[in-house]
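Let me begin by presenting the structure, written as structure tokens, before commenting on it.
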Amino acid sequence: MRQRLQKAMLVMVLCLLAVTTALAQAIQVKGIVYDGNGETMPGVNVHVKGAASGTITDVNGNYTVSVPNSNSILVFSFIGYTTQEIKVGNRTNINVTLKDDLQQLDEVVVVAYGTARKGDLTGALTTMRPDGNEAMKATSIDNLLDGKVAGLVVNTASATPGAASSITIRGASSLRGDNQPLYVIDNIPQASTGEFASSGISGDFQIAQDPLASLNPADIEDITILKDASSTAIYGSRGANGVILITTKKGKEGKAKVSASANFTIAEPSELLNMMSLREHALYRNSRQTDEKNWQFHLVGDEVRYVFGDATGSYDPDKPESYHVLAERNWQKEIYQTAFSQNYSVSVNGGTGKTTYYVSANFKDIEGTVKQTGLKQGDLRANLNADLSKAVSLRLSLAGSLRQNDMMAGGNTLGGSTGAVSRTALDYAPYEMPEDDPAFDQEAKTTVFSWLNDYVDLADDKTFNASLDLTWKISKFLRYNLRTGGNINTNERKRWYGLELYQGMNNQGYLAISNLDKSNYSVGIW
């Protein structure tokens, strides 16, 4: 009986020792959570890693949590900030500063007045972050958006390098007006469709210019597409067709990081029209004559012999002076080429303390599949973020672009085989007419070679963009924000029709030089 009592007392002592040890190991940890600007953060989640215990910070950023022992790890997390894990050790007071997490932009959406959680928004929108490899290959924003966003359709009206694409969100919303969305780059509205300076030539065909070509796709951080009527809340009628918000990359704190890329592309013309050969054309032309004496084409072996229309009866196969041997021309192959394009980009970003920077440069040389068409462009961008004080922060963005477009394709609204090089290639017979042919009138003198040798259409474009975002946190509940910026665009166009072209023949040469200057500015205060 005595042994049983001793064992019971020993068990009770061991239980008391275990409870005392557990209570002794439990640690109460307190602290305050701050953001990058030194402001306290309410609502931060604080929990013990691997355990169910945890808490959130109060309105002043304070927290109190109980941890099992000194080896416990506290996890601090908040939407839009980097999650931090801190080992408790022997400390009972731990203050934490959370840093912005640029990788969580999928949870934080940029809207007109600032940012908001995606789940808190009532309007229909889509946010995408371009893949680095896709951005490197893309020559414009249109390439990044094509096929990526539901309800957004990208159509190409012209294959000319530098020509604008047509973008519609949820279909056309205007019967006769512009259906293009409004673009906002770093809070500055941009024109939806650009234009070249008018050439001053009657019937001249104008190609819409891509106003976003000056923005390097590799500089884009994220794109937000506002799709419904709520997008007009700030932008008014300009946002009636939707709004595309574009945010460019900003610097990250740390040592300078250099990134460089080079991309090369080869484009081949495809699905050329199947045209008549010279022999087929000759047989067709002869078939329209009931009398063989009126034939202008005579097929002898591999030769196609051509006789002037007023001398068909004088054809003698034994007299070479009575005919001309024609050389076959596939005019489509004369104007189209294998196009080689190159795109180079380099960027530097970094920062120390409360100042970060992002600087990038880009050069691209794009050849068109039509000979003598192409685009050469150089871009430069600089983004600077700085905390001037605990309460004042500054974001500055500067960008410039120089571009030259060669639009050899030509074209006018009057139509006809002499209106554009592509039309000439389709309408012209598959051979070159002899220059002493009486039927060789002025219009017939315009061949594909005439366009290549005696036509020029060059547009030089200069663009400068700037935006500034100044934020002053007056108190926890009051903030002053100034956003301002603008765009300056200068376009000079030179167009020349030489004497080999129908338009040039009629005017003893036709030259037009014109300029187009555009600018817009915006200021927002709230």
Side-chain angles (χ1 to χ4, degrees), residues 32-44 57-62 76 78-82 95-105 107-118 120-121 184-190 219 221-222 224 226 231 233-236 239 243 245-254 349-359 381-399 464-487 520-526:
I32 305 174
V33 179
Y34 300 92
D35 62 14
N37 297 318
E39 298 288 339
T40 57
M41 295 181 61
V44 177
T57 57
D58 60 19
V59 293
N60 295 316
N62 298 305
F76 300 82
F78 193 77
I79 292 176
Y81 291 82
T82 302
N95 295 332
V96 179
T97 299
L98 296 183
K99 297 181 179 180
D100 295 337
D101 185 4
L102 297 178
Q103 301 301 320
Q104 293 188 15
L105 284 176
E107 300 177 20
V108 180
V109 177
V110 178
V111 292
Y113 282 126
T115 59
R117 288 186 58 189
K118 191 172 183 179
D120 295 337
L121 295 172
V184 181
I185 302 176
D186 289 337
N187 304 316
I188 304 303
Q190 310 281 331
D219 289 340
E221 181 70 34
D222 65 79
T224 302
L226 307 181
S231 62
I234 295 174
Y235 303 109
V243 180
L245 305 175
I246 300 172
T247 303
T248 58
K249 292 180 179 179
K250 306 298 186 292
K252 298 179 181 179
E253 186 176 348
N349 83 87
T352 57
K354 297 183 178 181
T355 302
T356 59
Y357 59 87
Y358 176 88
V359 180
R381 173 173 293 276
N383 290 342
L384 176 67
N385 289 359
D387 293 332
L388 305 181
S389 67
K390 290 185 177 180
V392 180
S393 60
L394 172 70
R395 291 185 178 184
L396 179 65
S397 178
L398 302 173
F464 177 75
N465 303 320
S467 65
L468 181 144
D469 188 339
L470 184 66
T471 302
W472 177 23
K473 293 183 179 179
I474 301 174
S475 68
K476 295 181 181 179
F477 310 102
L478 183 61
R479 174 181 297 185
Y480 173 85
N481 188 243
L482 168 65
R483 289 180 179 175
T484 183
N487 310 305
N520 69 279
Y521 308 93
S522 64
V523 178
I525 300 175
W526 57 87

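Please read all numbers here as calculations on a predicted model, not as lab measurements.
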(request) Please name the pair of heavy atoms, one in R381 and one in S397, separated by the smallest distance, quoted to 0.1 Å. (result) NH1-OG, 3.1 Å
(message) Tell me whether T40 contacts the main-chain N or O of Y34 through its side chain, where contact means a donor paired with an acceptor under 3.5 Å.
(response) no
(request) State whether the side chain of T57 and the backbone N or O of V44 hold a donor-acceptor pair below 3.5 Å, judged by distance alone. (result)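 Here the side-chain-to-backbone pair exists.
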Residues that [X] engages under side-chain contact (heavy atoms from CB on, under 4.5 Å), provided they are two or more places apart:
X    : value
T352 : none
L482 : L470, Y480, V523, I525
D35  : N37, E39, M41, Y81, K473
K354 : D387, K390

(request) Answer yes if the side chains of T471 and R395 hold a donor-acceptor pair under 3.5 Å, and no otherwise. (result)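 No, R395 and T471 have no side-chain donor paired with an acceptor closer than 3.5 Å.
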Within the structure provided, determine whether [X] and [Y] are in side-chain contact (heavy-atom separation under 4.5 Å).
X    : Y    : result
I188 : S522 : yes
N349 : T356 : no
D219 : K249 : no

(message) So, taking the atom named OG in S467 and the one named CG in N487, what distance separates them when rounded to the nearest 0.5 Å?
(response)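 Answer for the OG-CG pair, S467 versus N487, is 9.0 Å.
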(request) Give, for atom CG of L384 and atom NZ of K250, the distance between the pair rounded to the nearest 0.5 Å. (result) 11.0 Å
(message) Name the residue from N481, L396, N385 that meets the side chain to side chain contact (heavy atoms under 4.5 Å, CB included) definition with D469.
(response)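 Passing option: N481.
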(message) Once side-chain hydrogen bond (donor to acceptor under 3.5 Å, both in side chains) is applied, do any residues pair with T248, and if so which ones, sequence neighbours excluded?
(response)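 Scan of T248 (side-chain hydrogen bond (donor to acceptor under 3.5 Å, both in side chains), adjacent residues dropped) gives D186, N383.
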(message) Going by the rule ring pair (Phe, Tyr, Trp, His ring centres under 6.0 Å), which residues pair with Y358 if we only count those two or more places apart in sequence or in a different chain?
(response) none
